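Since we're looking at a predicted model, the values are computed, not measured. Residue numbers start from 1 in every chain, and the chains themselves are labelled A, B, ... in the order their sequence lines are given, proteins ahead of strands. What you see below is based on every heavy atom in this structure, not just the backbone, and it leaves out hydrogens, waters and symmetry mates.
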There are 2 protein chains.
Amino acid sequence: MTEPNRKINLPPEKEIDRLASFFSIFGDSTRIRILLVLADGEFCVADIASILEMGVSAISHQLRILKQAQLVRSRRNGKNLFYSLADSHVHSIISQGVEHINE
Amino acid sequence: MTEPNRKINLPPEKEIDRLASFFSIFGDSTRIRILLVLADGEFCVADIASILEMGVSAISHQLRILKQAQLVRSRRNGKNLFYSLADSHVHSIISQGVEHINE
DNA sequence: TTAACAGTTGAACAATTGTTCAAATGATGG
DNA sequence: CCATCATTTGAACAATTGTTCAACTGTTAA
């Protein structure tokens with residue numbers, strides 16, 4: 001014990017957990033690819049699956065996570081559900097990631 | 001086949017994978033807490049462990065991940081290794097996450 | 001050299017995650 | 001209503017992850 005611990009003010013645990021959950025949404029390449037597709041416009045589930053060459057179910061599962069995080073919206077048109085980006089932050093968050101890894 | 005698929009230009013798979021790996025580093029609350037501690041200054045491993053009330057080994061494992069991602073640096077002083085933030089992006093990336101979850 | 005300390009490492013474990021499959025839901029047009 | 005299409009859902013599985021523990025490395029001071 002040479003010195004008393006410096007006092008550090010961390011945000012409450014709950015907020016840190018929410019922050020970590022938020023970032024882990026971007027921590028999966030399928031979800032990033034979905035977001036990049038939707039950056040180009042509105043698409044229904046089957047289209048996204050076809051573009052990414054993946055099963056419809058896998059895409060649907062991921063869309064649910066993105067929707068819960070309020071990163072995408074959906075709109076029904078006939079039998080189709082069209083998904084689109086819900087948030088303007090998405091672009092800038094991804095951009096900052098790109099910036100970091102390209103330095 | 002009613003319509004040809006719209007052409008979407010995604011970044012190469014390798015870059016998307018690196019992006020996902022980068023974001024998943026922020027997807028763990030221990031690592032976020034370490035980064036927030038280091039936002040206050042330089043600390044050695046045992047101090048971080050004490051502040052976060054965790055084992056030294058757990059912190060060391062996470063610091064290795066943060067260092068590989070070039071988010072922290074270390075500097076030896078005697079028996080101690082002092083860690084500090086390596087990158088100015090860290091603040092703004094976390095800030096953007098906070099912004100999103102508080103809207 | 002030795003003892004003590006600071007930190008790292010690797011194996012092990014439980015917990016969480018993403019994808020697949022099959023079955024269910026819900027909307028549409030005939 | 002019925003058949004069909006688009007999507008969702010839940011269970012199952014393998015793969016990945018974070019923490020713990022014990023052993024190890026490396027530095028310092030005596």
Listed once per pair and sorted, the ring-ring contact (aromatic ring centres under 6.0 Å, His included) pairs that draw on residues 76-103 of chain A, sequence neighbours left out: A/His89-B/His100, A/His100-B/Phe22, A/His100-B/His89
All pairs passing salt bridge (Lys or Arg N to Asp or Glu O under 4.0 Å) where residues 23-34 of chain B contributes a residue, at least two apart: none
A/Gly78 vs A/Gln62, nearer the 5' end of DNA chain C by closest nucleotide: A/Gln62
All side chain to side chain contact (heavy atoms under 4.5 Å, CB included) counterparts of B/Val98, not counting sequence neighbours: A/Glu15, A/Leu19, B/Ile94, B/Asn102
B/Ser60 (side chain) donor-acceptor with B/Val56 (main chain) under 3.5 angstrom: no
For A/Ile16 against A/Pro11, the heavy-atom pair lying closest together: CD1-O, 3.6 Å
For nucleotides 3-9 of chain C, give me every protein contact, N/O to N/O, under 3.5 Å, one pair per line with atom names.
| from | atom 1 | to | atom 2 | distance (Å) |
| --- | --- | --- | --- | --- |
| C/dA6 | O3' | B/Asn80 | OD1 | 3.1 |
| C/dG7 | OP1 | B/Val45 | N | 3.2 |
| C/dG7 | OP1 | B/Leu81 | N | 3.3 |
| C/dG7 | OP2 | B/Ala46 | N | 3.0 |
| C/dT8 | OP1 | B/Tyr83 | OH | 2.5 |
| C/dT8 | OP2 | B/Ser60 | OG | 2.5 |
| C/dT8 | O5' | B/Ser60 | OG | 3.3 |
| C/dT9 | O4 | B/Ser57 | OG | 2.7 |

Heavy-atom contact window of chain B on DNA chain D, given 5' to 3' at under 4.0 Å: D/dG18 to D/dT28
For B/Ser92, side-chain hydrogen bond (donor to acceptor under 3.5 Å, both in side chains) partners two or more places apart: A/Gln96
Partner of A/Leu52 by side chain to side chain contact (heavy atoms under 4.5 Å, CB included), out of A/Ile34, A/Leu36, A/Asp47: A/Ile34
Name the atoms and distances for all side-chain donor-acceptor pairs under 3.5 Å in residues 65-75 of chain A, with sequence neighbours left out.
| from | atom 1 | to | atom 2 | distance (Å) |
| --- | --- | --- | --- | --- |
| A/Lys67 | NZ | A/Ser74 | OG | 2.6 |
| A/Arg73 | NH2 | A/Ala86 | O | 3.4 |
| A/Arg75 | NE | A/Glu42 | OE2 | 2.6 |
| A/Arg75 | NH2 | A/Glu42 | OE1 | 2.9 |
| A/Arg75 | NH2 | A/Glu42 | OE2 | 3.2 |

Residue list, side-chain hydrogen bond (donor to acceptor under 3.5 Å, both in side chains) with A/Lys79, at least two apart or on another chain: none
Angle of first-five versus last-five pair axes in the helix from C/dT1-D/dA30 to C/dG30-D/dC1, to 10 degrees: 30°
Heavy-atom side-chain contact between B/Phe23 and A/Ile32 under 4.5 Å: yes
Backbone N/O of B/Ala46 and side chain of B/Ser50: donor-acceptor pair under 3.5 Å: no
Interface residues of residues 20-35 of chain B with DNA chain D (non-hydrogen, below 4.0 angstrom): B/Asp28, B/Thr30, B/Arg31
Side chains of B/Ser29 and A/Asp17 in contact at under 4.5 Å (non-hydrogen atoms): yes
